[in-house]
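Everything below concerns the one structure shown next.
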Amino acid sequence: MKNINPGVVVKALRFDLRKLVAINVLWIALVYTTTACIAQSTPGRALLALSKGDHILAIIDPVTLKVIARVPVGSDPHEVVASTDGKTAYVSIYGGGSLHEINVIDLVAQKALPTIDTKPLNGPHGLIFVDGKVWLSAEGAKSVGRYDPATDKFDWAMGTGQDRTHMIYLTNDGKKVYTTNVSSGTVSILIDTLIQQGPPPMGPMPQPGAQMPPPPPMGQMPPGARQHEDWVQTVIPVSKGSEGFDVSPDGRELWTASADDGTIAIINIATKKVIAKIDAKAFGANRLKFTPDGRRVLITSLRTGDLFIYDVASHQEIKRISTSHGAAGILVDDDGSRAFIGCTGDNYVAVVDLKTLEVTGHIDIKGADGLGWAVRP
């Protein structure tokens with residue numbers, strides 16, 4: 001056996017050790033860099049899109065149109081809304097009116113938070129966030145309700161008595177709720193009202209033959225009666241299948257489109273009456289949205305995949321754009337430059353330039369439907 005020089009062995013071991021350290025450092029750097037690329041932070045203004053196919057909430061950068069995070073949600077996600085501070089998203093898990101949960105997503109940490117059980121308000125669908133609270137339509141319960149995240153409780157609910165109470169809109173002061181009732185073919189307007197009535201407290205019975213006190217003058221409350229708040233509903237008939245709707249930015253009109261007969265009903269909010277009906281032939285109409293300037297209305301068709309664009313003043317169709325085989329959710333940029341359309345059957349969100357009225361891009365989302373903005377001040 002040959003003699004081995006100890007000095008040579010030590011040098012070789014040192015060399016191998018340096019190589020091993022260098023490889024480990026390189027590997028750590030590579031892993032860190034890859035992780036940093038994958039786990040991108042949520043931008044201050046994010047586009048939220050629900051995937052019915054993958055059961056996820058996609059968080060999208062609206063500038064690059066890239067999906068930066070995917071967070072798992074329940075089995076049948078339909079609508080999404082973000083809190084005013086843009087940190088939390090709420091997703092309705094609908095199930096055709098049978099399910100009873102709202103998923104809560106931390107948009108900063110990009111992870112799911114504990115789920116809200118809406119029971120007995122089954123079938124949560126439409127969502128809106130106003131005055132620090134989540135307002136929802138509950139189709140299975142023929143109701144609307146309100147959830148307070150601060151107390152983790154539902155603090156108000158009201159039945160509509162109408163079939164398929166589906167979408168919801170709320171004024172900023174929280175005093176008026178609008179819903180469409182798809183199968184009843186109606187729109188409900190619920191107004192928080194101060195009621196000046198109520199029986200006076202029971203007092204001693206008057207003696208036989210004693211003269212009864214005169215009733216209070218008109219407009220005045222009887223002695224002992226107290227003012228109290230109540231919600232008063234007005235039900236306005238429109239066409240059956242009226243689902244998607246929106247209120248004009250000036251608060252004067254409500255437009256809703258019917259999937260059944262393809263008409264658009266226009267309601268004067270002050271008089272609570274239908275003042276016009278447009279034969280738009282928007283069969284399969286799914287969602288309807290005003291542009292921020294109030295000059296145009298966008299309507300999607302889940303049956304044809306068309307996006308109908310209407311002029312509000314003239315009630316005339318401006319253009320009909322083919323976006324897919326089945327168009328659903330609508331979201332418009334605040335400056336009115338773009339519209340995002342959830343194309344469920346084609347597994348993407350279509351991007352529409354509202355100046356050229358052309359489709360300019362797609363974002364791959366399997367079974368895309370509900371859309372929303374999350375904006376951190």
Side-chain angles (χ1 to χ4, degrees), residues 78-79 94 96-97 123 125-126 137 139-140 142 144 160-169 177-189 233-248 252-269 271-291 294-330 339 341-346 350 352 357 369-370:
H78 271 245
E79 300 296 321
Y94 168 58
H125 189 273
S137 60
E139 184 179 298
K142 301 183 181 182
V144 293
T160 64
Q162 303 293 296
D163 294 331
R164 290 197 65 201
T165 300
H166 199 67
M167 301 300 292
I168 187 169
Y169 179 96
V177 177
Y178 305 89
T179 73
T180 42
N181 309 296
V182 184
S183 296
S184 291
T186 59
V187 170
S188 291
I189 299 180
Q233 177 180 213
T234 301
V235 178
I236 304 167
V238 289
S239 295
K240 282 191 175 182
S242 294
E243 179 175 337
F245 81 99
D246 198 9
V247 174
S248 59
R252 295 180 179 179
E253 293 182 349
L254 182 152
W255 287 43
T256 182
S258 165
D260 290 7
D261 65 14
T263 61
I264 302 170
I266 302 174
I267 296 172
N268 181 298
I269 288 179
T271 64
K272 303 183 183 68
K273 295 183 182 300
V274 175
I275 58 173
K277 187 168 276 193
I278 304 170
D279 185 14
K281 295 181 173 56
F283 302 108
N286 187 256
R287 295 290 177 265
L288 183 149
K289 195 76 176 174
F290 277 89
T291 54
R295 295 181 179 181
R296 294 177 177 178
V297 160
L298 312 180
I299 304 158
T300 52
S301 168
L302 196 56
R303 187 180 306 175
T304 67
D306 289 326
L307 173 66
F308 299 77
I309 302 178
Y310 266 79
D311 179 78
V312 171
S314 68
H315 296 178
Q316 297 297 310
E317 182 181 314
I318 297 172
K319 190 172 182 179
R320 194 175 303 191
I321 304 169
S322 178
T323 61
S324 67
H325 292 92
I330 306 174
I341 310 298
C343 300
T344 308
D346 291 80
V352 178
L357 302 184
D369 189 9

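The structure presented is a predicted model; accordingly, all values stated were derived computationally and were not measured.
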Rounded distance (nearest 0.5 Å) linking atom OH of Y310 with atom CD1 of I264: 5.0 Å
Main-chain N/O of D306 paired to T304 side chain as donor or acceptor, under 3.5 Å: yes
N286 side-chain N/O to L302 backbone N/O, donor-acceptor pair under 3.5 Å: no
Main-chain N/O of F283 paired to S301 side chain as donor or acceptor, under 3.5 Å: yes
K281 atom NZ, over 12 foreign heavy atoms within 6.0 Å: no
Test item: S258 side-chain N/O and K240 main-chain N/O as donor-acceptor pair under 3.5 Å: yes
R295, CZ atom: more than 12 neighbouring heavy atoms under 6.0 Å: no
Donor-acceptor contact below 3.5 Å, side chain T291 vs main chain R296: yes
Pairwise distance OG1(T300) to CZ(R287) - rounded to 0.5 angstrom: 7.0 Å
Closest approach of I309 to L357 (non-hydrogen atoms, all atoms of both residues): CD1-CD2, 3.5 Å
Heavy-atom neighbours of K319 NZ exceed 12 at 6.0 Å: yes
Check: S248 side chain, E253 main-chain N or O, donor-acceptor pair, under 3.5 Å: yes
OG1 on T344 to CG on D369, rounded to 0.5 Å: 4.5 Å
Test side chain to side chain contact (heavy atoms under 4.5 Å, CB included) applied to I299 and W255, step by step: CA-CA 10 Å; I299 304 158; W255 287 43; 5.8 Å; no
Minimum heavy-atom distance E243-T180, with the two atoms named: O-OG1, 2.7 Å
Polar side chain donor-acceptor pair, N181 to S188, under 3.5 angstrom: yes
For the student: nearest non-hydrogen atoms of S239 and S242, plus distance: O-OG, 2.7 Å
Any side-chain donor near an acceptor of the partner, T263 and D279, under 3.5 Å: no
G96 versus E139, closest heavy-atom pair with distance: O-OE2, 4.0 Å
Side-chain donor or acceptor of S137 paired with backbone N/O of G126 under 3.5 Å: yes
T160 side, atom OG1; K142 side, atom NZ - distance, nearest 0.5 Å: 8.0 Å
Side-chain (N268) to main-chain (K273) donor-acceptor, under 3.5 angstrom: no
Heavy-atom pair with the smallest gap, counting every atom of F308 and E317: CD2-OE1, 4.0 Å
Whether T323 side chain and G305 backbone form a donor-acceptor pair below 3.5 Å: yes
Rounded distance (nearest 0.5 Å) linking atom CD1 of I266 with atom CD1 of I275: 6.0 Å
Side-chain heavy atoms of L254 within contact of I189, under 4.5 Å: no
Criterion side chain to side chain contact (heavy atoms under 4.5 Å, CB included) on D246 and V297, from CA distance to verdict: CA-CA 9 Å; D246 198 9; V297 160; over 6 Å; no
Side chain T256, main chain G244, donor-acceptor under 3.5 Å: yes
Member of H125, H78, E79 meeting the side-chain hydrogen bond (donor to acceptor under 3.5 Å, both in side chains) criterion with H166: H125
Over all atoms of both residues, closest heavy-atom pair of Y178 and F245: O-CZ, 3.4 Å
